[in-house]
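Have a look at the structure below before the remarks.
Residue indices begin at 1 and follow the sequence shown. Side-chain atoms are counted along with the backbone in the values below, which use heavy atoms only and exclude waters and symmetry mates.
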Amino acid sequence: SASIKKILSLKTEENTWNDFAVLIRSNSSAETLLPALQNAEIPHAFLANTGLYKKPIILDLLSYMKVVDNIHDAISLYRVLNLPIFLLSVHEIASILEYSRKKTLSLFETLEQACKNKIVNEESRKKIELLLLNLHTHHTLAQSKSAAETVVAIIKDLKIAEQIEEETLENAENRELIEQFYKKIE
């Protein structure tokens, strides 16, 4: 891309990355530019007013909140199982899904059974127990607290706040996205 070449040619010892900005007219233009910046290892932040609900960290939060509201939302629950705090191996997830199919149980019911019937290993069992405990806690909390208060508890309890604490560009973007999300539900 011409923009990438121009930035790289202007980058010198005197110019820091903070001296550069690329303005685009539409989000669709960013679809080609952002991967190019990433490939060129040029640090960047993409700020836009749209697309909040398409960002992975927000999708993770929304999926978790959907499961808090409806424990049988299998698609959202599958995404939640891939959060760092609950991340199970591909083998364990496959075993859970196979058990669910054989017993004609929902994914949530299978997770409950996985702890009792030793469908998964000890490490996975602990993660599933933590997930079930958190879902129960947050469901109860959601009954009596505002959405904003519940989201704050979810971010804390799922250790999302800890994950985005380190000062990196990606974490700064994720903190900003969470703040935008919080302001929308407040």
Can you tell me how far [atom2] of [Y] sits from [atom1] of [X], rounded to the nearest 0.5 angstrom?
| X | Y | atom1 | atom2 | result |
| --- | --- | --- | --- | --- |
| I4 | T32 | CD1 | OG1 | 9.0 Å |
| L83 | K159 | CG | NZ | 13.0 Å |
| I160 | I178 | CD1 | CD1 | 6.0 Å |
| L130 | L135 | CG | CG | 9.5 Å |
| E176 | I164 | CD | CD1 | 11.0 Å |

Within a strict 4.5 Å, meaning less than it, do heavy atoms of the [X] and [Y] side chains meet?
| X | Y | answer |
| --- | --- | --- |
| I85 | K127 | no |
| T137 | T140 | no |
| V120 | L88 | no |
| L52 | K184 | yes |
| E149 | S144 | no |
| F181 | I57 | no |
| F86 | N134 | yes |
| L77 | L131 | yes |

Derivation of the side chain to side chain contact (heavy atoms under 4.5 Å, CB included) call for I96 and I128: CA-CA 11 Å; I96 290 167; I128 292 168; 3.9 Å; yes
For a salt bridge (Lys or Arg N to Asp or Glu O under 4.0 Å) check, start with the C-alpha distance between E123 and K126, then their side-chain angles and the critical distance, and finish with the verdict. CA-CA 5 Å; E123 179 186 351; K126 286 179 181 176; over 6 Å; no
Grab the two heavy atoms, one from [X] and one from [Y], that are nearest each other, plus how far apart they are.
| X | Y | value |
| --- | --- | --- |
| A153 | L141 | CB-CD2, 3.4 Å |
| K66 | S76 | CD-OG, 3.3 Å |
| N121 | S124 | OD1-N, 2.7 Å |
| A142 | V68 | CB-CG1, 4.4 Å |
| P43 | L169 | C-CD2, 3.9 Å |
| W17 | I7 | CZ3-CG2, 3.6 Å |

Check the hydrophobic clustering (I, L, V, M, F, W, Y; side-chain heavy atoms under 4.5 Å; chains of links allowed) and say if [X] and [Y] are grouped together.
| X | Y | result |
| --- | --- | --- |
| L37 | L8 | yes |
| L87 | I119 | no |
| V152 | M65 | no |
| L10 | V22 | yes |
| I75 | V80 | no |

Taking atom [atom1] as the centre, does [X] end up with more than 12 heavy-atom neighbours from other residues, nucleotides or ligands that are less than 6.0 angstrom away?
| X | atom1 | value |
| --- | --- | --- |
| Y78 | OH | no |
| K11 | NZ | yes |
| E186 | CD | yes |

What I want to find out is whether E98 reaches R101 closely enough, with some N-O distance under 4.0 Å, to be called a salt bridge.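 So E98 pairs with R101 through a salt bridge.
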So which pairs with a foot in residues 116-152 pass ring pair (Phe, Tyr, Trp, His ring centres under 6.0 Å), sequence neighbours left out?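 The answer is Y64-H138.
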Looking at residues at least two apart in the chain, or sitting in another chain, which of them share a salt bridge (charged side-chain N to carboxylate O under 4.0 Å, His left out) with E129?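 Expected list: R125.
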Using residues 105-112 as the side-chain source, report each donor-acceptor pair under 3.5 Å to any protein atom, sequence neighbours left out, with the distance given to one decimal.
residue	atom	partner	partner atom	Å
S106	OG	H72	ND1	2.9
S106	OG	E109	N	3.1
S106	OG	E109	OE1	3.3
E109	OE1	S106	N	2.8
T110	OG1	S100	OG	3.3
T110	OG1	S106	O	2.9

Side chains of E170 and T168: is there a donor and an acceptor less than 3.5 Å apart?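 T168 and E170 do not have a side-chain donor-acceptor pair below 3.5 Å.
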